[in-house]
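Working notes, structure below.
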Amino acid sequence: MRNPFRTCPTTGLDVHKDADALIKANAVAATVALLIGGATAVLVLLTRWQAVHLLSDVWFYRILTVHGMNMLIFFILFFEMAVLYFASAVLLNSRVAAPKTGWVAFVLMLAGAAMVEWAMFTGRADVLFTSYVPLKAHWAFYLGVILFAVGAILVTAIFFATLVVAKRENTYEGSVPLVTFGAMTAAIIAAITLLHGAAIYIPTFLWSLDLMHVDPQVYRLVWWGLGHSSQQINVAAMVAIWYLLGALTVGAVVVNEKISRTAFVLYILFISMASAHHLLVDPGFGPSWKIVNTSYFMYMAVLASMLHGFTVPAGIELGMRLRGFTQGIFGWLRRAPWHDPGFSALCLSVVVFGFVGGITGVTFGTEQINIIAHNTLRIPGHFHATVVSGTAMAFMGVTYYVIPLIFRKKIAFYGMAKWQPWVFSAGMLVFSTAMTFAGTFGVPRRHWDVTFSGAPFGVEYSAAVDLLFAVMAAGGLVAAVGGAMYIVVTVWSVFFGKPLGDEMTQSALAGTVPPGLYTRPFTELPAEPAKLKEHGRLGTMPGTMILVGVFLLAFVVYYFANWKLLSAMWQIG
Amino acid sequence: MHATGITPPQGVWWKPAHKSEKVWATVAFAWCMVLFAMMPVWHLRGGQNPSGIRAKVDPADYQARVQEFIRDYQVGTDAGFPVVAPPPGSDVYLIGQMWSWLPVVQLEKGAEYTLHLSSLDVNHGFNLYPFNVNFQVVPGYDYGLRIVPTEAGEYGVVCNEFCGVGHHLMVGKVIVVEPGGAGGAGAGEADGAAETTGASQPAGAGVESDPQ
Ligand code: HEM
Ligand SMILES: [Cu+2]
Ligand SMILES: [Cu+2]
């Protein structure tokens, strides 16, 4: 019998060939969605920039729908399917529990996506990705989403089955690695999410066929049970990839398994099931419902992110210090491999997600502050800093390792790959910050014409908004270039790249794969780890303590600045 | 020693946390409690809360209420929309429909009103320009917010929830006058304001128009 495994010469892991193929298929589908999403991003961007105002009104809303669906749903979820196969079968040296079902799931997702694309591009679904009832799309739009979700739920089931198989067949010793544990929390949240998805899309599908009534407020409640918890999937998957990249690039250690794993569990326990912070200024719910369901009294999901925001850099710092980079407070950071796109993507993802996405998100998700944020450009400003600068950036970074490890190809244009995270992240940072500020002037999101020509009453935003639009466009275009660089590098590597032989010598590989692969930091903790020095109150990880201190300060300032802004409004209640 | 994130930890990994981790977890937890406490505290001490009076309402009933409101207090017209000046302390009704806000309301500075928002068709968004105050307007639900305008002037009402292809045309108006200027005087002001308005008159501006 043919051996269904190959042994990865880099990591020594046994890679199941079905896992290989399924990861490849899902990653390629994700990249196609990213390409469509990226092209439409530029069209939307150049329309919102009033000075250019590219698309017509009809096409703006249509293309915005295409951008939202392709990026947030198709790109992210196809990629997460690949992550689930990787974190189960590859990291645990196991076979995929049900490869045939895996292919059925893939075909379902592909067919669902194709139906949705057809409905959107032919103008049968000009409803944006939220499709708030009673705005109505063609039934094929809802059915496509349902098929896509069924596929995703199958992959989630295969993931859990693979964990069981690996345990039963003793493919690893000890507990599952932290990265797998993180992916597991993402998969559990995915199951919760997809149940909400079924609870809302099946009735809505029937409603589109005039077979049933759907209440608009109930729709918003249940839809965000899907829409919001799916963001928690993205966060959990992203954090798992942070740990993965930390390990691969610099051999980051897990400072304390208990803390990191507890933080993951907090995500499951405290995701806001009722999705309250999308409904804070809705008429259907009272203040106590809103307060309880945004925070469950304690904001434990925020606490979890703040813990990961500490343990990820702390693991990097400790890993570097154990390898002898003990100089001063920030020596470990200065000497880190910034030219490794996996490492730079990791750091940029952590920093922009935390400082921009996280702080704005918690602030806007506060019951009263939401009054000055809801449906303004502050919201897309916030989530382009979370799901794009955070999740998408982390996904891009890990691709530079997945290509040599799974696709067995050298990275094409490695010089360009080194710059890609910087270009993408810097552009996105400028873009989302400018968008957030434009939103503080009340500029609405999802809006074709903020000069309101043709409207019965005039509204004119301050001149600062014009400037912010220009900055936003500049940042967005730079980010689009960064996105294009990613696609060029990955597509070229995968389809025309040089196959990676089994030789893994430094000279043959330098400049064609990330350095973490041939210097193998994660297998080579020095026999005698360097002695760790206590830095007084800052302990053995002084750099990280300072970084999180700066973060907390920024958080406090931004949060209370928003209360101040709010207090200047009309009295309302 | 330590495992990395991709190596299975061996033996018991439930170990006491590192000192710096304990410090950070404590600080972060305390901050989360502040985040939570601010919300109830603002309900007690702050002036801006999205609580309101909330009820389900049949769109047809709501429309009838708006018509009555206009009949009782209309003082003029502006760009084809009725201008309505209710007395301080009263209920004010605003209706969102594809793609206009009805009516134009005229309020007194410093007086309290209950502003009702609802929609006849799809979701709309209430955004008060140039203040950045936003509320969701959902068909079948009446959102009654007690408001106290703090400054005289003319305000725009921008729709900020996507409501179809005319979404960006959906702009309404709120006028705030100095106290004592209500009633007869208000009519004159509203007529004056009519000159400052924009171009086209949207279909559906009239009270009797079909909600669909
Ligand atoms: C070069 C990169 C990108 C650029 C320049 C860009 C630009 C934009 C712009 C201008 C908008 C419209 C905002 C509005 O009018 O309300 C938008 C919306 C959106 N973007 Fe992006 N984007 C990019 C990447 C992404 C990625 C990677 C994702 C998801 C993973 C994403 C998810 C979304 C979503 C969900 C919306 C909201 C759509 C809606 O409101 O219906 N974007 N983006
Ligand atoms: Cu509207
Ligand atoms: Cu609208």
Side-chain angles (χ1 to χ4, degrees), chain A residues 57-58 91 128 132 134-135 172 174-175 177-179 216-217 243-244 247 253-259 280-284 287 291 295 297-299 302-303 306 310 367-368 371-372 374-375 442 444 446-449 452 454-459 522 539 541 545 548 566 569-573, chain B residues 2-10 13-15 17-21 24 28-29 32 35-36 39 42-43 47-51 54 79 122-123 125 127 129 131-136 138-141 143 145-150 156 158 160-162 165 168-169 171 173 197-200 202:
Chain A
D57 48 3
V58 172
L91 286 184
L128 302 185
Y132 290 137
L135 272 181
Y172 63 99
S175 313
L178 181 60
V179 172
Q217 183 71 82
Y243 287 112
L244 174 63
V253 298
V254 180
V255 180
N256 185 293
E257 298 273 354
K258 177 176 75 176
I259 295 279
L280 291 173
V281 294
D282 271 37
I291 293 179
S295 64
F297 301 107
M298 303 193 278
Y299 275 112
V302 175
L303 179 67
M306 287 175 77
F310 177 88
E367 189 202 4
Q368 294 90 348
I371 295 174
I372 54 171
H374 183 69
N375 273 352
R446 302 174 151 181
H447 202 282
W448 179 65
D449 180 14
F452 305 96
F457 304 106
V459 159
F522 51 95
M541 295 163 284
M545 284 308 269
V548 295
L566 177 71
M569 300 293 135
W570 285 7
Q571 255 187 48
I572 207 152
Chain B
H2 293 283
T4 72
I6 57 174
T7 39
Q10 305 298 315
W13 47 258
W14 190 265
K15 294 186 188 134
H18 203 275
K19 187 180 85 190
S20 353
E21 280 185 311
W24 176 245
F29 181 75
C32 287
L35 294 177
F36 169 71
M39 294 189 288
W42 201 263
H43 273 283
Q48 298 78 16
N49 288 290
S51 320
R54 306 166 315 276
V122 298
N123 275 269
N127 165 272
Y129 164 90
F131 277 114
N132 185 13
V133 166
N134 306 279
F135 291 96
Q136 188 77 18
V138 182
Y141 289 80
Y143 206 170
L145 295 153
R146 278 177 292 266
I147 54 164
V148 182
T150 49
V158 173
N160 68 3
E161 182 58 80
F162 175 68
V165 72
H168 46 273
L169 297 173
V171 180
K173 186 166 163 181
T197 56
S200 75

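Within every chain, numbering begins at 1; the chains are lettered A, B, ... in the order of the sequence lines, protein sequences first and strands thereafter. Because the structure is a prediction, the values reported are computed rather than measured.
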Original post:
Among A:Pro134, A:Ser175, A:Pro283, which residue forms the greatest number of heavy-atom pairs with chain B at distances under 4.5 Å?
Top reply: A:Pro283
Subject >> For A:Tyr132, side chain to side chain donor-acceptor pair (under 3.5 Å) partners two or more places apart >> reply: A:Arg220, A:Trp224
**OP:** Let me know if B:Val122 has heavy atoms under 4.5 Å from chain A in its side chain, its backbone, both or neither.
**Re:** both
Original post:
Atom OH of B:Tyr143 and atom CD of B:Gln136: how far apart are they, to the nearest 0.5 Å?
Top reply: 9.5 Å
Subject >> salt bridge (charged side-chain N to carboxylate O under 4.0 Å, His left out) partners for B:Glu21, two or more places apart >> reply: none
Original post:
Highest number of heavy-atom pairs under 4.5 Å with chain A: which of B:Asn123, B:Val138, B:Asn160, B:Leu145?
Top reply: B:Asn160
**OP:** Using non-hydrogen atoms and a 4.5 Å limit, figure out which bit of A:Met545 sits close to chain B: side chain, backbone, both or neither.
**Re:** side chain
Original post:
OH/A:Tyr172 to CG/A:Leu91 distance, rounded to the nearest 0.5 angstrom?
Top reply: 11.5 Å
**OP:** Below 4.5 Å from any heavy atom of chain A, which atoms of B:Tyr129 appear? Answer side chain, backbone, both or neither.
**Re:** side chain
Original post:
Is there a donor-acceptor contact under 3.5 Å from the side chain of A:Gln217 to the main chain of A:Gly284?
Top reply: yes
Original post:
Do A:Pro177 and A:Tyr243 have side-chain heavy atoms sitting under 4.5 Å apart?
Top reply: no
**OP:** Under 4.5 Å, counting heavy-atom pairs only, tell me which of B:Ala28, B:Pro9, B:Gly156 racks up the most with chain A.
**Re:** B:Pro9
Subject >> Pairs of heavy atoms under 4.5 Å with chain A: top-ranked of B:Leu169, B:Val148, B:Val158 >> reply: B:Val148
Subject >> chain B contacts, top residue of A:Leu280, A:Ile372, A:Val302, A:Asp449 (heavy-atom pairs, under 4.5 Å) >> reply: A:Ile372
Original post:
Looking at CG of B:Asn134 and CG of B:Asn127, how far apart are the two atoms once the value is rounded to the nearest 0.5 Å?
Top reply: 4.5 Å
Subject >> Part of A:Ile259 within contact of chain B (heavy atom distance under 4.5 Å) >> reply: side chain
